[in-house]
There are 2 protein chains.
Amino acid sequence: MNEASPVLRKSAATRQRVLDAAARIFRERGYAATTLGDIAEAAGLRTASLYYHFESKEELVEEVLRIGTTLVSDAVRRAVEDLPAEADFRTRLTVAIATHLDALLRLTDYTSADIRIIGHVPPEVRAKVWPLREAYGEFWQELLRSGRANGAIRAGADLGLLRVLILGTLNYASEWYKPGLKPVGAIAAEATAMVLDGILAPSAMHRQPA
Amino acid sequence: MNEASPVLRKSAATRQRVLDAAARIFRERGYAATTLGDIAEAAGLRTASLYYHFESKEELVEEVLRIGTTLVSDAVRRAVEDLPAEADFRTRLTVAIATHLDALLRLTDYTSADIRIIGHVPPEVRAKVWPLREAYGEFWQELLRSGRANGAIRAGADLGLLRVLILGTLNYASEWYKPGLKPVGAIAAEATAMVLDGILAPSAMHRQPA
DNA sequence: CCTATTTTCTAACTAAAATTAGATAGAAAT
DNA sequence: ATTTCTATCTAATTTTAGTTAGAAAATAGG
């Protein structure tokens, strides 16, 4: 059978079905409320057969989390890096927000499962996938740093705090978003407008209450 | 025993201890990962004794959620209503954000438990407490409506979308906040600045990329 | 075809956790 | 003191879900 062969093992397809089902159901119901039976049924096999592909429920969810973080991280990095070198901060942040939300809300159950359950998986699992998340956070931090270096971001801001506030704004959408109500692009536009310019009317006086 | 008597039942104190313990542990570990044994131990009694005070785990968590929503809702309503009648939108939103974050991060485990687990409790439980949450959401919606009526909020904005974006920004803090790192007031100030004015430096050109 | 390997299945097993039953101690009232 | 509720306990029950063991299909090569 030649494990290193270019031919896919037949089990690869099953493993993929299991992961897809797991991502979807974890996202819908949360970690603890999802049983291996639920996942097996959705993937079209028996509960015990899952153990041929994964050592445990924890290993399965770990893989889902890993994929979820990787998908959004790769997509956002690529989208930003593909911008022309002279693109300004406003453009770069706009693209980063749009791509992050697209991965989270439209593209993949893995990322929404990741965001929704990361705080509810066993600590050992969280610890294992943490470095990946930190690296993605560091990408955003660097994006903001470059924005402040350019003078685009107001000087007094705590960038670490801004980062978690912005990502919170985006990530919390996985709690309320329902497909079909509003295109993801429109949500991204409104979020970008708020983060960059705030919600006030441009004419309004600066700082002072009336 | 005279149930309507002004004298507190001795069980009221125990019930309160159980609720306090439940709120704290639900917040820390999530709904499904919290056992009645954990709660009982923290409250200083035996698992079975919980059933004297609550019919089931679901009824217990429902009460925690109800209290959590009520506490933050009442605090924010009161703080905003206590402002002078002529207070402008900027002031009202600043106070609403500060009070919401204070309830969520500093005051009470009930509210943080509520926010963290509402998406992970059994659907029947969520349905029962939903009206309370909707009412609180409606308060924010009305706050934003008044802001737009005043011309304070930019005209094109989708207020429903703005509302969930703002509350998402605030609520997601329950996922990353750790006491001691930064005073809650400083977090509120940064969040308010972002929501109202955005993160860009005031001098920067409007709209156009460089 | 025959055989070895991969994949999935059926059937236990185990452990944890929610819940129930019924006994007991404590407080308050007659 | 005796009786009556209130509150908590110990001990069992039940259910659910993760996991393991080992037998059977299915698949691929020779």
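Predicted model, so just to flag it, every value in this text is computed and none were measured. A note on names: the letters A, B, ... follow the listed sequences, proteins ahead of strands, and every chain is numbered from 1.
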- Message: Between A:Asp38 and A:Thr35, is there a side-chain donor-acceptor contact under 3.5 Å, judged purely by atom types and distance?
- Response: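 Side chains of A:Thr35 and A:Asp38: pair found under 3.5 Å.
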Closest to the [X] side chain, choosing from [options]:
X: A:Leu36; options: D:dT19, C:dA18, D:dA17; value: D:dT19
X: A:Thr47; options: C:dT8, D:dT10, D:dT19; value: D:dT19
X: B:Tyr51; options: C:dT19, D:dA21, D:dG18; value: C:dT19
X: B:Ala48; options: C:dA21, D:dT19, C:dT10; value: C:dA21
X: A:Tyr52; options: D:dA7, C:dC9, C:dT6; value: C:dT6

Answer with base, sugar-phosphate or nothing: what part of the nucleic acid does [X] contact at a heavy-atom distance below 4.0 Å?
X: A:Ser56; result: sugar-phosphate
X: A:Ser49; result: base
X: B:Thr14; result: sugar-phosphate

- Per the salt bridge (charged side-chain N to carboxylate O under 4.0 Å, His left out) rule, which among A:Glu58, A:Glu62, A:Glu59, A:Glu63 passes with A:Lys128?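 Considering A:Glu58, A:Glu62, A:Glu59, A:Glu63, a salt bridge (charged side-chain N to carboxylate O under 4.0 Å, His left out) with A:Lys128 is found only for A:Glu62.
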Roughly, in whole Å, what's the span from [atom1] in [X] to [atom2] in [N]?
X: B:His53; N: D:dT6; atom1: NE2; atom2: P; answer: 13 Å
X: B:Gln16; N: D:dA7; atom1: CD; atom2: C1'; answer: 17 Å
X: A:Lys57; N: D:dA17; atom1: NZ; atom2: C1'; answer: 8 Å
X: B:Glu58; N: C:dA17; atom1: CD; atom2: P; answer: 17 Å
X: A:Asp38; N: D:dT16; atom1: CG; atom2: C1'; answer: 12 Å
X: B:Glu59; N: C:dT19; atom1: CD; atom2: P; answer: 11 Å
X: A:Phe54; N: C:dT7; atom1: CZ; atom2: P; answer: 13 Å
X: B:Tyr31; N: C:dA18; atom1: OH; atom2: C1'; answer: 10 Å

- Task: Indicate the ring-plane relationship of B:Trp140 and B:His100, choosing parallel, tilted or perpendicular according to the 30° and 60° boundaries.
- Result: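 Geometry flag for B:His100 against B:Trp140: perpendicular rings.
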- Task: Could you grab the distance from atom CE of B:Met194 to atom CE of A:Met194, nearest 0.5 Å is fine?
- Result: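 Spacing of CE (B:Met194) from CE (A:Met194) equals 4.5 Å.
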- Message: How close do A:Ser112 and A:Leu104 get, counting heavy atoms only, and between which atoms?
- Response: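 A:Ser112 and A:Leu104 have their closest heavy atoms at CB-O, 3.5 Å.
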